Colleague: 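Next up is a structure, given as structure tokens.
Here the structure is a predicted model, which means the values were calculated and not measured.
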Amino acid sequence: MQVSKSIRNLAAGLAISMAATAAVAEMKKDIVDTAVSAGSFNTLVTAVQAAGLVDTLKGPGPFTVFAPTDEAFAKIPKDQLDALLKDKDKLRAVLTYHVVSGAVMAKDVTTGKVATAQGQSLNVDVKYGNVMINQAKVVKTDIVTSNGVIHVIDSVVLPN
């Protein structure tokens with residue numbers, strides 16, 4: 001009886017330890033690795049690679065990334081998206097327009113303008129519990145990474 005209880009306790013402790021180790025491993029993923037593993041940012045990851053921004057977004061940061069999903073990129077007509085992916089300078093401008101310096105958590109977001117890594121500002125509008133980044137709605141917040149935070153948006157935002 002005592003041996004059985006000890007084995008159960010050992011198994012429970014091992015399960016907790018494995019879960020904690022997995023959580024720590026997940027926290028060590030940077031913005032790029034987190035986006036890759038999510039599976040819903042394939043177009044964004046392809047664009048980041050094409051723009052030569054992988055090393056930057058794997059850097060120390062911290063960064064806040066407003067990350068469009070694959071569905072968000074699908075709203076752009078295919079010929080326009082293909083052209084954007086081939087124009088490295090324009091692609092870099094679009095992608096860095098989605099990046100803000102520092103790790104800004106959802107609870108800290110307020111209405112106003114925020115400077116982007118691209119140089120222009122995003123318009124942030126907080127109303128009735130919803131957050132809009134220009135014309136894009138924030139649909140998921142606070143995906144914490146080792147070098148910042150990701151907030152998921154439902155549209156690609158474009159600089160002027």
Colleague: Short question: side chain of D55, backbone of G52 - any donor-acceptor pair under 3.5 Å?
Modeller: no
Colleague: Are K137 and N130 close enough that some pair of their side-chain heavy atoms sits under 4.5 Å apart?
Modeller: yes
Colleague: Got a donor-acceptor contact below 3.5 angstrom from the N134 side chain to the A136 backbone?
Modeller: no
Colleague: With clusters defined by side-chain heavy atoms of hydrophobic residues (ILVMFWY) lying less than 4.5 Å apart, directly or transitively, does L44 cluster with I153?
Modeller: no
Colleague: Under 3.5 Å, side chain of T64 to main-chain N/O of V104, donor-acceptor pair present?
Modeller: yes
Colleague: Do I31 and I150 come within less than 4.5 Å of each other through their side chains, counting heavy atoms only?
Modeller: yes
Colleague: Assess the side chains of Y97 and N160: does a donor N or O sit below 3.5 Å from an acceptor N or O?
Modeller: no
Colleague: Would you name the heavy atoms of T110 and V126 that are closest together and state the gap between them?
Modeller: C-CG2, 3.9 Å
Colleague: Side-chain contact, heavy-atom cut-off 4.5 Å: V124 with T111?
Modeller: no
Colleague: Side-chain contact, heavy-atom cut-off 4.5 Å: F63 with T145?
Modeller: no
Colleague: In terms of hydrophobic clusters joined by side-chain contacts under 4.5 Å, are V139 and I76 together?
Modeller: yes
Colleague: Roughly how far, to the nearest 0.5 Å, is the OG1 atom of T34 from the CD1 atom of I143?
Modeller: 8.0 Å
Colleague: Can you give me the closest heavy-atom contact between K127 and D125, atom names plus distance?
Modeller: CE-OD2, 3.7 Å
Colleague: Going by heavy atoms in the side chains, are V99 and L95 under 4.5 Å from each other?
Modeller: no
Colleague: Without swapping roles, check the side chain of N147 against the backbone of G59 for a donor-acceptor pair under 3.5 Å.
Modeller: yes
Colleague: Counting N and O atoms only, with roles assigned by atom type, does the side chain of D142 sit under 3.5 Å from a partner on the main chain of M105, one being a donor and the other an acceptor?
Modeller: no
Colleague: Take atom NZ of K58 as the centre, draw a 6.0 Å sphere, and report whether it contains more than 12 heavy atoms from other residues, nucleotides or ligands.
Modeller: yes
Colleague: Might you point out which heavy atoms bring D70 and T43 nearest each other, and give the distance in Å?
Modeller: OD1-N, 2.8 Å
Colleague: Kindly determine whether T116 and H98 satisfy side-chain contact (heavy atoms from CB on, under 4.5 Å), including the steps that lead there.
Modeller: CA-CA 7 Å; T116 68; H98 289 77; over 6 Å; no
Colleague: Checking side-chain hydrogen bond (donor to acceptor under 3.5 Å, both in side chains) between S155 and each of K75, Q135, E71, which is the one that passes?
Modeller: K75
Colleague: Write down the atom of A50, the atom of K88, and the distance for their closest heavy-atom approach.
Modeller: O-CG, 3.9 Å
Colleague: Do the side chains of F73 and V156 get nearer than 4.5 Å, heavy atoms only?
Modeller: yes
Colleague: Check A103 against G148 and note the closest heavy-atom contact, atom names and distance.
Modeller: CB-CA, 4.3 Å
Colleague: What's the separation between atom CD in Q120 and atom OG1 in T96, rounded to the nearest 0.5 Å?
Modeller: 9.5 Å
Colleague: Measuring from L91:CG to L84:CG, what's the distance to the nearest 0.5 Å?
Modeller: 5.0 Å
Colleague: Indicate if M132 and V100 have the same hydrophobic cluster label, given that clusters are the connected sets of ILVMFWY residues with side-chain heavy-atom separations under 4.5 angstrom.
Modeller: no
Colleague: Check the pair F66, H151 against ring-ring contact (aromatic ring centres under 6.0 Å, His included), reporting the backbone distance first and the verdict last.
Modeller: CA-CA 5 Å; F66 297 102; H151 301 295; 5.8 Å; yes
Colleague: Between K29 and S37, is there a side-chain heavy-atom distance shorter than 4.5 Å?
Modeller: yes
Colleague: Checking salt bridge (Lys or Arg N to Asp or Glu O under 4.0 Å) for the pair D82/K86: CA distance, chi angles, key distance, verdict?
Modeller: CA-CA 6 Å; D82 289 345; K86 291 177 184 170; over 6 Å; no
Colleague: Are F41 and V94 linked, directly or through intermediate hydrophobic residues, by side-chain heavy-atom contacts shorter than 4.5 Å (ILVMFWY only)?
Modeller: yes
Colleague: Please report the shortest heavy-atom distance between Q118 and P159, naming the atom on each side.
Modeller: NE2-CB, 3.7 Å
Colleague: Taking the side chain from T69 and the backbone from D154, do they hold a donor-acceptor pair closer than 3.5 Å?
Modeller: no
Colleague: Please answer: with hydrophobic residues joined when any side-chain heavy atoms are less than 4.5 Å apart, are V65 and V109 in the same cluster?
Modeller: no
